[in-house]
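Report on one structure; see the data block that follows.
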Amino acid sequence: MNRLKHKWVLITGATSGIGRATAECFADAGANLVITGRREDRLIDLKDNLLSKFDISIETYCFDVRDRNACKACVDSLKNPVDILVNNAGLASGLDPIDSADFDDWDKMIDTNIKGLLSMTRFVSEKMRVRNEGHIINIGSIAGYESYPGGSVYCGTKHAVKAITQGAKMDLTGTNIRVSSVSPGMVETEFSEVRFHGDKEKADNVYQNVKPLTAMDIAEIILFTANRPSHVNILDTIVLPVQQSSATIVHRPSTSR
Ligand code: NDP
Ligand code: 8X3
């Protein structure tokens with residue numbers, strides 16, 4: 001059963017990877033979209049592409065989730081209430097040890113993955129509470145359950161997403177607002193290229209001899225989470241490629257791809 005037709009879904013970080021695939025999935029289900037990200041050309045391309053295929057409405061907002069005023073301006077200027085907020089925008093920056101990592105990398109991750117997600121949640125949930133309906137879906141990670149060398153701060157931000165999801169669910173007890181997360185393992189997107197500051201070779205190595213998840217694998221689970229009956233709240237779903245068994249255990253036979 002499709003419960004998403006005509007719903008308004010705001011997706012942060014829709015210019016690439018999981019966010020873009022999520023926009024495609026929800027558009028296919030007949031939902032209207034608010035797609036956001038910092039790369040305006042990609043937002044416009046995605047909007048044009050989806051409007052050529054689906055009879056839906058799409059609004060684009062180009063902003064950085066680290067800019068709290070821009071988050072507020074976006075939410076305040078929406079013409080339609082947000083039924084589903086997908087807090088997807090995020091990144092890993094660097095894979096350096098705690099004693100030599102770059103402070104700018106840390107700030108980027110903390111300000112985007114934690115504070116950006118919080119700003120969007122704060123502004124949207126305030127309006128959801130007035131309407132007594134809505135669904136917030138945060139993109140967590142296996143890194144929210146485990147840490148790994150060089151990942152202390154990225155993993156810290158994803159542990160925070162898990163804590164924020166749990167706490168928000170508690171804060172909204174007694175309302176009809178649902179709070180969920182989806183926590184993937186290895187997904188092949190622009191994630192590793194961003195983590196390694198554009199070093200494509202290092203990024204490609206992450207996916208060597210393994211069949212990672214695709215962005216669409218995760219988008220389908222986000223869609224499933226959103227499409228449950230209104231009394232069903234999935235709190236989190238951890239999703240790994242079959243060859244991955246923890247953040248650090250990945251089986252890589254030489255002929256997998
Ligand atoms: P991509 O790099 O492909 O996409 C990241 C998206 O986030 C882009 O659309 C980017 O848009 C947006 N974004 C990043 N920083 C900002 C910012 N400051 N303001 C607004 N938008 C921003 O990576 P993924 O699709 O893989 O990542 C999506 C989410 O999934 C992230 O939260 C990531 O932590 C999480 N994740 C990824 C996994 C993986 O293995 N790929 C596994 C587990 C979780 P733009 O640059 O246009 O602003
Ligand atoms: C992204 C997955 O394992 O690189 O959240 O941290 S991992």
Side-chain angles (χ1 to χ4, degrees), residues 10-24 35-46 60-68 70-71 74 86-95 104-105 107-117 119-120 137-162 164-165 181-198 202-203 205-207 210 212-219 221-222 236-241 243-250:
L10 191 163
I11 303 164
T12 65
T15 56
S16 171
I18 295 169
R20 186 186 163 101
T22 302
E24 289 167 1
I35 49 174
T36 80
R38 290 166 301 178
R39 287 169 286 183
E40 190 156 32
D41 52 334
R42 290 198 184 196
L43 289 173
I44 290 163
D45 281 354
L46 180 59
T60 63
Y61 285 85
C62 183
F63 66 95
D64 189 323
V65 295
R66 290 173 294 180
D67 179 345
R68 185 163 295 149
C71 294
C74 165
V86 182
N87 273 318
N88 164 77
L91 79 167
S93 195
L95 190 62
D104 286 343
D105 281 341
D107 287 344
K108 262 187 225 162
M109 293 187 277
I110 292 166
D111 292 347
T112 308
N113 301 359
I114 305 179
K115 293 169 76 177
L117 176 143
S119 296
M120 292 304 292
I137 303 179
N138 296 326
I139 306 309
S141 172
I142 185 68
Y145 287 81
E146 300 171 47
S147 203
Y148 51 80
S152 55
V153 172
Y154 177 70
C155 296
T157 67
K158 290 299 178 176
H159 276 66
V161 171
K162 176 150 67 71
I164 291 162
T165 304
S181 54
V182 175
S183 296
M186 186 189 290
V187 189
E188 190 166 9
T189 61
E190 293 175 13
F191 177 85
S192 292
E193 220 175 307
V194 172
R195 164 168 263 172
F196 295 117
H197 305 119
K202 269 194 183 166
N205 279 341
V206 174
Y207 311 110
V210 66
L213 300 169
T214 65
M216 194 48 81
D217 291 329
I218 300 305
I221 289 161
I222 296 168
D236 197 6
T237 307
I238 304 175
V239 194
L240 302 175
Q243 286 174 252
Q244 182 176 22
S245 300
S246 77
T248 50
I249 300 174
V250 181

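None of these values were measured; they are calculated from a predicted model. Atoms within a ligand are numbered from 1 in the order they appear, just like the ligands themselves.
Contact annotation: for I18 versus ligand 1, heavy atoms closer than 4.0 Å belong to both the backbone and the side chain. Under 4.0 Å from ligand 1, not a single heavy atom of E193 appears. Only side-chain heavy atoms of Y154 come within less than 4.0 Å of ligand 1; its backbone N, CA, C and O stay farther off.
Checked by atom type and distance alone, the side chain of Q244 pairs as donor or acceptor with a backbone atom of M186 at under 3.5 Å. Judged by distance alone, with hydrogens and angles left aside, the side-chain atoms of E188 form no donor-acceptor pair with the main-chain N or O of P212 at under 3.5 Å. A donor-acceptor pair under 3.5 Å is absent between the side-chain atoms of T112 and the main chain of M109, judged by distance alone.
Those atoms of ligand 2 with a heavy atom of F191 less than 4.0 angstrom away are 1 (C), 4 (O). Near S141, with a cut-off below 4.0 Å to any heavy atom, the atoms of ligand 1 are 43 (C), 44 (C). Against a heavy-atom cut-off of under 4.0 Å, T15 is close to the following atoms of ligand 1: 8 (C), 9 (O), 10 (C), 11 (O), 45 (P), 47 (O). Listed by number with element, the atoms of ligand 2 under 4.0 angstrom from any heavy atom of S141 are 1 (C), 2 (C), 5 (O). Heavy-atom contacts of A143 reach the following atoms of ligand 2: 6 (O) (cutoff under 4.0 Å). Against a heavy-atom cut-off of under 4.0 Å, R66 is close to the following atoms of ligand 1: 18 (N). Those atoms of ligand 1 with a heavy atom of G17 less than 4.0 angstrom away are 3 (O), 25 (O). Within the listing of ligand 2, atoms 4 (O) sit less than 4.0 angstrom from a heavy atom of R195. With ligand atoms numbered from 1 in the order given, ligand 2 contributes 3 (O), 4 (O), 6 (O), 7 (S) to contacts under 4.0 Å with heavy atoms of Y148. Close approach to G140 involves these atoms of ligand 1, each under 4.0 Å from a residue heavy atom: 43 (C), 44 (C).
Between G19 and ligand 1, no pair of N/O atoms sits closer than 3.5 Å. Between R38 and ligand 1, an N or O atom pair is found at a separation short of 3.5 Å. The shortest N or O to N or O distance between Q244 and ligand 2 is not under 3.5 Å. At least one N or O atom of V65, backbone or side chain, sits closer than 3.5 Å to an N or O atom of ligand 1. On a distance-only criterion, V194 and ligand 1 share no N/O pair closer than 3.5 Å.
Counting heavy atoms from C-beta on, the side chains of H197 and S93 come closer than 4.5 Å. Inter-residue side-chain proximity for I11 and T36 is flagged as unmet; no heavy-atom pair is nearer than 4.5 Å. Using a 4.5 Å heavy-atom threshold, the side chains of E146 and S246 count as touching. Contact check for I142 versus I238: side-chain heavy atoms found under the 4.5 Å cut-off. Within the 4.5 Å cutoff, the side chain of I139 has heavy atoms near those of the V86 side chain. With contacts defined as side-chain heavy-atom distances shorter than 4.5 Å, the pair L117/N138 qualifies.
Residue S183 places no heavy atom under 4.0 Å from ligand 1. The shortest heavy-atom distance from T12 to ligand 1 is not under 4.0 Å. Note on ligand 1: E188 sits outside its first shell, no heavy atom being nearer than 4.0 Å.
Under a 4.0 Å N-O distance rule, the pair R42/E190 qualifies as a salt bridge. Salt bridge annotation for R66-D64: present, with a cationic side-chain nitrogen under 4.0 angstrom from a carboxylate oxygen.
The distance between the ring centers of Y207 and F191 does not fall below 6.0 angstrom.
The heavy atom nearest to atom 23 (O) of ligand 1, out of those in L43, V239, T189, is found in T189.
A donor-acceptor contact closer than 3.5 angstrom is absent between the side chains of N88 and T12.
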